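Model, not experiment: these values are computed from the prediction. Side chains are part of it too, since the values below use all heavy atoms of this structure and drop only hydrogens, waters and symmetry mates.
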Amino acid sequence: MAGTALALLAGTVIGWTTVFGEVERYCDDQGTGLGGLIRLSGEGNVTNPLLAPCFWGSVAFVIALAWALYVLFDNQPQKRRKSIRGLWWLLLGGTVFAFVNNLPVFLDFYTKPKGTVTGCSPDAITSPFLTGCFGGFASFAAALVFVSLALWSIRRLKKKHG
């Protein structure tokens with residue numbers, strides 16, 4: 001579970017770093033400061049970060065990280081297994097969510113002229129692998145693999161020891 005927590009910590013840092021950058025960009029674009037976040041529709045070129053998938057993915061990272069830490073320090077085996085299964089479902093959802101949000105960026109990057117594709121921000125991207133969205137996807141996927149291995153290990157031990 002330590003690997004899961006580390007992957008989720010990385011995703012949390014990537015996600016919230018991206019969100020805070022987008023909040024700064026949005027507030028500068030709107031000229032309203034942080035109070036502009038309350039309005040869900042803006043008049044500028046930048047989408048409100050509270051409506052962006054990155055924000056919701058970052059919230060999911062915090063929830064998953066807290067859950068993984070809870071599981072890591074839980075000493076009741078039966079309760080722990082159930083918690084790991086629940087975390088697996090959350091991570092599966094986060095991985096699918098991140099994949100679906102990355103798919104248009106990848107499709108655009110490889111089908112449109114270079115220098116015209118943007119990610120969450122209005123800046124052109126040089127590679128879809130260097131976006132915060134892909135970092136979030138990779139972190140969710142890595143955590144899902146670690147949790148899947150933990151569940152496999154628990155099932156294997158349960159079969160071995162009855």
Side-chain angles (χ1 to χ4, degrees), residues 1-31 34 36-37 39-72 83-154:
M1 288 307 300
T4 302
L6 286 175
L8 292 170
L9 179 62
T12 301
V13 170
I14 291 167
W16 286 106
T17 300
T18 304
V19 168
F20 289 137
E22 293 304 310
V23 165
E24 182 179 26
R25 182 187 303 264
Y26 178 78
C27 291
D28 288 347
D29 185 64
Q30 297 298 304
L34 288 175
L37 289 172
R39 291 181 310 180
L40 294 181
S41 62
E43 288 92 31
N45 298 324
V46 182
T47 304
N48 186 327
L50 300 182
L51 298 176
C54 188
F55 173 76
W56 296 104
S58 297
V59 169
F61 270 121
V62 170
I63 293 167
L65 178 60
W67 197 333
L69 291 173
Y70 171 77
V71 169
L72 185 62
S83 291
I84 292 173
R85 268 193 233 117
L87 179 59
W88 185 90
W89 283 106
L90 175 62
L91 294 174
L92 178 64
T95 303
V96 169
F97 178 78
F99 177 79
V100 167
N101 284 300
N102 272 290
L103 198 56
V105 175
F106 272 84
L107 292 174
D108 287 349
F109 186 80
Y110 291 108
T111 59
K112 292 186 176 178
K114 290 204 182 274
T116 62
V117 178
T118 62
C120 293
S121 67
D123 298 331
I125 59 172
T126 57
S127 169
F129 295 102
L130 300 176
T131 63
C133 290
F134 184 79
F137 167 71
S139 297
F140 268 127
L144 182 62
V145 167
F146 286 127
V147 167
S148 296
L149 289 172
L151 284 172
W152 177 77
S153 176
I154 289 170

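N102 approaches C133 most closely through the heavy-atom pair ND2-O, 3.0 Å. Listed here is the closest heavy atom pair of A60 and F140: CB-CZ, 3.9 Å. Between T17 and V13 the shortest heavy-atom distance is OG1-O, 2.6 Å. Nearest heavy-atom pair, F61 versus G136, reported as atom, atom and distance to 0.1 Å: CZ-O, 3.3 Å. Here the closest heavy-atom approach between residue A143 and residue A7 is recorded as N-CB, 3.8 Å. Closest approach of P53 and N101 over heavy atoms only: CG-OD1, 3.4 Å.
P128 has its side chain within reach of Y110: a pair of non-hydrogen atoms, C-beta onward, lies under 4.5 Å apart. Two residues are said to be in side-chain contact when any heavy atoms from C-beta on lie closer than 4.5 Å; S83 and L87 fail this criterion. Inter-residue side-chain proximity for I14 and S139 is flagged as met; some heavy-atom pair is nearer than 4.5 Å. A 4.5 Å side-chain heavy-atom check between L92 and W89 finds at least one atom pair inside the cut-off.
Among F99, F137, F129, the one residue that satisfies the ring-ring contact (aromatic ring centres under 6.0 Å, His included) test with F106 is F129.
Taken from CH2 in W67 to CG in L8, the straight-line distance is 11.5 Å, to the nearest 0.5 Å. Going from atom CG of L90 over to atom CZ of R85 covers 15.5 Å, rounded to the nearest 0.5 Å. Between atom OG1 of residue T4 and atom CG of residue L9 there is a gap of 12.5 Å, rounded to the nearest 0.5 Å. Between I154 atom CD1 and L149 atom CG the span is 11.0 Å, to the nearest 0.5 Å. Distance check, rounded to the nearest 0.5 Å: CD1 of I84 to OH of Y70 gives 11.5 Å. Here the CG-OG1 distance, from L65 to T12, works out to 5.0 Å after rounding to the nearest 0.5 Å.
Not counting sequence neighbours, the partners of W16 by the ring pair (Phe, Tyr, Trp, His ring centres under 6.0 Å) test are F20, F55.
Panel note: side chain S58, backbone C54; a donor-acceptor pair is recorded below 3.5 Å.
The salt bridge (Lys or Arg N to Asp or Glu O under 4.0 Å) contacts involving residues 97-108 comprise D108-K112, where partners must be two or more places apart or lie in separate chains.
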